[in-house]
Amino acid sequence: MAMTVLVLLTYYKTAHNQLCKPSFINGLIRSWRKAETMENITKIECTHFKYLVSVVIAQLCTSRQNLISHPQFIQLASLLSEFLSHADYREIRKWENENGYSWKKFRPYLQVAYFPYHAKRSVQARGSDPLYGNLQMMCIETGIFSLQLLMSVEKERKMMAEQGLLDYILCLPSVLPKNSSAQQRAKDLVAMLGKEMHLQPPSLNT
């Protein structure tokens, strides 16, 4: 429950100054490793915990404030890469459904997924740092993973449509680096939606 609250806090940029403190980030890293050794949680519970930690990391590391400290780039990118290489969004969502999870906000995940688009339009003090660039790409892919998880449920697909956000998903592959794993995941997301919904071409006003 505490990690879910942290995810919700990351929706508010005003909280990022506190959440990006090195002590807090190091605490996230320790919690991740501790979860792997706990005997009183199941494998899927551990995976779900790591998913929530990954969402927090992705939200903070794509903040336009760039508040994460340099020594933590490699560790955070490694955690996200580890998660993305082993996790299945369908298994996580199945567990969430069984445990009463319901998500209603989608813009924060779209903002993470669209980070390279926004980054071109803002001054990135660390934009030329290859370590930070790798971390950014891991965060972007985590954002798309989250959208896959959210859009695998009909109720949330309808909410996304009602909020006028589907066009942003349809356009997502075109703003990501060509032939990247993030772009492929975005294409898979669009294909998944196409099987579940009647999609219209994106509006020119999007």
Within this structure, what is the [atom1]-[atom2] distance for the pair [X] and [Y], rounded to the nearest 0.5 Å?
| X | Y | atom1 | atom2 | answer |
| --- | --- | --- | --- | --- |
| Phe24 | Leu60 | CZ | CG | 6.5 Å |
| Lys34 | Ile41 | NZ | CD1 | 10.5 Å |
| Phe49 | Ser54 | CZ | OG | 10.0 Å |
| Cys139 | Ile144 | SG | CD1 | 11.5 Å |
| Gln72 | Ile25 | CD | CD1 | 5.5 Å |

Residues, nucleotides or ligands: over 12 heavy atoms within 6.0 Å of Ile74 CD1 |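 For Ile74, atom CD1 is not crowded (no more than 12 foreign heavy atoms under 6.0 Å).
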
Tyr12 atom OH: more than 12 heavy-atom contacts under 6.0 Å | no

Heavy-atom pair with the smallest gap, counting every atom of [X] and [Y]:
| X | Y | value |
| --- | --- | --- |
| His16 | Gln59 | CE1-O, 3.7 Å |
| Val55 | Ser146 | CG2-OG, 3.6 Å |
| Ala182 | Ile140 | CB-CG2, 4.3 Å |
| Ala87 | Ile92 | CB-CD1, 4.3 Å |
| Ala77 | Leu135 | N-CD1, 3.6 Å |
| Asn99 | Trp95 | ND2-O, 2.8 Å |

Working for side chain to side chain contact (heavy atoms under 4.5 Å, CB included), residues Trp32 and Leu28 = CA-CA 6 Å; Trp32 178 295; Leu28 284 181; over 6 Å; no

Full working for side chain to side chain contact (heavy atoms under 4.5 Å, CB included) between Tyr109 and Trp103 | CA-CA 11 Å; Tyr109 305 96; Trp103 303 96; 4.1 Å; yes

Can you list everything that forms a salt bridge (Lys or Arg N to Asp or Glu O under 4.0 Å) with [X]? Sequence neighbours excluded, please.
| X | result |
| --- | --- |
| Arg33 | Glu36, Glu82 |
| Arg90 | Asp88 |
| Lys158 | Glu154 |
| Arg157 | Glu196 |

Can you confirm whether [X] sits close enough to [Y] that some side-chain heavy atom of one is under 4.5 Å from a side-chain heavy atom of the other?
| X | Y | result |
| --- | --- | --- |
| Gln18 | Leu9 | no |
| Leu19 | Thr10 | yes |
| Ile169 | Leu189 | yes |
| Thr142 | Ile57 | no |
| Glu96 | Tyr51 | yes |
| Leu76 | Cys61 | yes |
| Ile29 | Leu79 | yes |

Taking side chain to side chain donor-acceptor pair (under 3.5 Å) as the test, write out the residues that go with [X], two or more places apart.
| X | result |
| --- | --- |
| Thr42 | Glu45 |
| Ser102 | Lys155 |
| Glu91 | none |
| Glu141 | Ser181, Arg185 |

Listed partners of Phe83 passing ring pair (Phe, Tyr, Trp, His ring centres under 6.0 Å), at least two apart = Phe145

Got a donor-acceptor contact below 3.5 angstrom from the Ser85 side chain to the Ser81 backbone?
->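 Side chain of Ser85 to backbone of Ser81, a donor-acceptor pair under 3.5 Å: yes, one is there.
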
Are [X] and [Y] grouped together when hydrophobic residues (ILVMFWY) are joined by side-chain heavy atoms under 4.5 angstrom apart?
| X | Y | result |
| --- | --- | --- |
| Val153 | Tyr101 | no |
| Val175 | Met151 | yes |
| Leu165 | Tyr11 | yes |
| Leu84 | Tyr89 | yes |
| Ile44 | Met38 | no |

Could you walk me through whether Asn97 and Lys94 pass the side chain to side chain contact (heavy atoms under 4.5 Å, CB included) test, one step at a time?
-> CA-CA 5 Å; Asn97 291 341; Lys94 180 175 181 292; 5.5 Å; no

Side chain to side chain contact (heavy atoms under 4.5 Å, CB included) with Ala161: which residues, sequence neighbours excluded?
->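 Applying side chain to side chain contact (heavy atoms under 4.5 Å, CB included) to Ala161 gives Leu166, Met197.
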
Residues which pass side chain to side chain contact (heavy atoms under 4.5 Å, CB included) with Lys187, listed by chain and number, not counting sequence neighbours =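 So Lys187 forms a side chain to side chain contact (heavy atoms under 4.5 Å, CB included) with Pro173, Gln183, Gln184.
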
Pairs flagged by salt bridge (Lys or Arg N to Asp or Glu O under 4.0 Å) wherever residues 102-112 is involved - sequence neighbours left out | none

Of the options Gln148, Glu156, Glu98, which is the one that meets Arg93 in a side chain to side chain donor-acceptor pair (under 3.5 Å)?
->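 Of Gln148, Glu156, Glu98, side chain to side chain donor-acceptor pair (under 3.5 Å) with Arg93 is met by Glu156 alone.
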
Classify the side-chain pair Arg30/Asn26 by whether it contains a donor and acceptor separated by less than 3.5 Å.
-> no

